[in-house]
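Below you'll find the structure, written out as structure tokens, and then a few comments.
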Amino acid sequence: MELDSARETAGEGASVPGAGSPSALGHAFSKILPCLTGREARRRNTRDVAFKDLSALLEATECDRLFEGSGEPHHNMPETLGEVAKALEKYAAPPKEEEGGDNGYCEVAEKAAEVGLLFLKLLRKVEAAKNSLVCPEWKTGLRHLAGPIYVFAITHSLEQPWTSPRSRDAAGEVLAFLLRVTECSSVAGFLRGENEEEKGRFTAILGLLKPNLTKESWKNNPAVKHVFSWTLQQVTRPWLNQHLEGILPPSLLISDDYQTENKILGVCCLHHIVLNVPVADLLQYNRAQVLYHAIFNHLYMPEHHLIEAVLLCLLDLFPVLEKAQHWKGDAARPSTHCDEVLQLILTHMEPEHRLLLRRTYARSLPAFVRRLGILSVRHLKRLERVIVGYLEVYDGPEEEARLKMLETLKLLMQYTWPRISCRLVVLLKALLKLICDVARDPNLTPEPVKNTLLQEATACLILLDHCSQGQVKDLLARILLSCEDSTVVSCIRKVQQDSEGTPCHGI
């Protein structure tokens, strides 16, 4: 049997002359590999024997022998060790999601713990060869081993259904040992290089992941997308732009999936690219427009986590897109991508009744008004309806939506103050109704949140008074004569006592 011959080779290596040569070692590894990658790997007995054989072979082989080249192209030990590492990484990889299940994932965690022990043995051999100073070939061996070991470590160190505390501990130990052997202070340094002279390993990692990140293959291994995403997040400006051709297609592919989880993961990858790639590179070959259209389409999905990720990404993409636009002062400013997105958001916000989505939309609205500045006057009618509508509805103990609406209203009045006086009555009614609702709220809202709401609403009344040249004070003076609620009276007096305030065109 092949395994028996491999075991014999490992056992004889220490005593038989020539048995420990690179050629003999290469043959021994070649006989063990099919038991890890072929059909035989499905049989537990065969797998256990293969692991024992491989462990014994590593123990019996001196580190200087392990990394020697034989001169034969098919038995180069560093390359053979790289193939062994790839086989072990694939062996411990989780199955397809539909083939997984709890039982399948438990088995993956067991395999990962076993593979982790073997990788630690390999890394100890590398460290021993490095410290011996008589085996310079360890650098070549480490170059072949580092990629598969890194992919294994990230696959099983993240908290996922296919990992267990034991497998995560093993993977974490492997990753820490790998960083120590490569003399890297962090994963980011490992990927990009610790200094300008050192070439990082991000290109090699992408090369390993690329075959599993195609349209046909990326769902065969559920861990690949997480490894790619997590690895991508570790590489930042100014190192990321040189890898743009390799990272953009997989990110777009993941974001274009039908599963919301994958959409969010892909959008987060695209957001990281937007933040860490220079504007010139994003504008080249119309990449920014491709990104925009890919992300914009997700706004039609009523999933609050996805909407939040998309809006955050778009807000950082707008400055890039606007770099490509040229406005001549003798004509009206053309509408921007920000206008298009805000228009769609407002369309979705008006009839929306789900609280989580309302909060998500409201959370982003101040940033859009701030981004557009005075140009938000184009959306003033829609914004007024949305703000008034959202201020009327209780939003839960934290009152996040109402607070964000008040923040939006303050910004809107500061940017578009000449157009506010004609909306005085509508806005004044909405703010006073909010103050009365909060004042009469017995116990639904915590006191700190109530106080914040009242302060923000009062600030809006003061700003509204400045925008209407003091009309608010005159109207509120009549209310004081009949109002008996001390909280409402206190807010009105603050507005009346504010004689100076800040100018409404202060921005």
Side-chain angles (χ1 to χ4, degrees), residues 32-33 35-56 58-59 84-124 145-181 186-187 190-191 205 208-209 212-213 217-234 254 259-262 264-265 268 305:
I32 295 174
L33 275 176
C35 300
L36 297 174
T37 58
R39 293 181 180 178
E40 297 177 18
R42 298 180 182 179
R43 297 199 293 267
R44 188 176 183 86
N45 291 339
T46 304
R47 182 186 79 196
D48 291 342
V49 172
F51 269 95
K52 288 180 182 178
D53 290 344
L54 187 55
S55 180
L58 291 174
E59 290 286 353
V84 170
K86 288 179 184 177
L88 289 171
E89 185 273 316
K90 289 179 181 177
Y91 171 74
K96 282 185 180 181
E97 293 180 9
E98 59 267 21
E99 297 174 4
D102 293 338
N103 293 333
Y105 285 152
C106 287
E107 186 178 352
V108 170
E110 291 176 10
K111 289 180 181 179
E114 295 172 357
V115 170
L117 294 175
L118 285 177
F119 276 145
L120 287 173
K121 285 189 177 182
L122 267 173
L123 289 172
R124 288 191 187 101
L145 289 171
I149 292 178
Y150 170 85
V151 172
F152 163 83
I154 302 305
T155 298
H156 298 281
S157 61
L158 303 175
E159 191 164 347
Q160 295 293 342
W162 55 84
T163 64
S164 66
R166 180 169 172 247
S167 67
R168 286 195 292 272
D169 289 343
E173 192 176 348
V174 169
L175 182 60
F177 208 135
L178 177 63
L179 295 179
R180 189 174 79 199
V181 171
S186 64
V187 173
F190 173 83
L191 293 169
I205 302 299
L208 287 173
L209 297 176
N212 295 315
L213 283 172
S217 65
W218 76 280
K219 287 200 172 182
N220 292 339
N221 180 353
V224 169
K225 60 189 178 187
H226 296 289
V227 175
F228 170 77
S229 173
W230 192 89
T231 301
L232 176 64
Q233 304 285 333
Q234 310 308 308
I254 296 171
Q259 290 180 309
T260 302
E261 173 197 351
N262 293 333
I264 295 172
L265 195 66
C268 290
H305 288 306

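Scope of the values below: all heavy atoms of this structure, side chains included, with no hydrogens, waters or symmetry mates.
Rounding to the nearest 0.5 angstrom, the gap separating the CG atom in Leu122 from the CG atom in Leu58 is 5.0 Å. Between atom NZ of residue Lys111 and atom OG of residue Ser167 there is a gap of 13.0 Å, rounded to the nearest 0.5 Å. In this structure, OG1 in Thr231 is found 7.0 Å from CD1 in Ile205, a value given to the nearest 0.5 Å. Note that CG of Leu123 is 10.0 Å distant from CD of Glu173, once rounded to the nearest 0.5 Å. Ile254 CD1 to Glu261 CD: the interatomic distance, rounded to the nearest 0.5 Å, is 10.5 Å.
Closest heavy-atom contact between Glu89 and Pro148: CG-O, 3.6 Å. Summarising the geometry of Pro94 relative to Pro222, their closest heavy-atom pair is O-CD, 3.8 Å, with the distance given to 0.1 Å.
Residues Leu120 and Arg124 meet the side-chain proximity criterion, which asks for heavy atoms closer than 4.5 Å. In this structure, His156 and Val174 have side chains that are not in contact, with every pair of non-hydrogen atoms separated by 4.5 Å or more. The shortest distance between side-chain heavy atoms of Phe228 and Lys225 does not fall below 4.5 Å. Proximity of Lys86 to Leu208: side-chain heavy atoms (C-beta onward) are separated by under 4.5 Å at one or more points. Using a 4.5 Å heavy-atom threshold, the side chains of His226 and Leu265 count as touching. Between Leu191 and Tyr150, some side-chain heavy-atom pair lies under the 4.5 Å cut-off. Val115 places a side-chain heavy atom less than 4.5 Å from the side chain of Phe152. Here the side chains of Phe119 and Leu178 are not in contact, with every heavy-atom distance at 4.5 Å or above.
Within the 3.5 Å criterion, the main-chain N or O of Ala153 finds a donor-acceptor partner in the side chain of Ser157.
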* After noting the C-alpha distance and the side-chain angles of Leu175 and Ile154, does the key distance pass the side-chain contact (heavy atoms from CB on, under 4.5 Å) rule? -> CA-CA 8 Å; Leu175 182 60; Ile154 302 305; 4.0 Å; yes

* To do: Starting from the C-alpha separation in whole Å, work towards a yes-or-no answer on side-chain contact (heavy atoms from CB on, under 4.5 Å) for Asn221 and Val227.
  => CA-CA 11 Å; Asn221 180 353; Val227 175; over 6 Å; no

* **side-chain contact (heavy atoms from CB on, under 4.5 Å) assessment of Ser55 paired with Leu118** => CA-CA 7 Å; Ser55 180; Leu118 285 177; 3.8 Å; yes

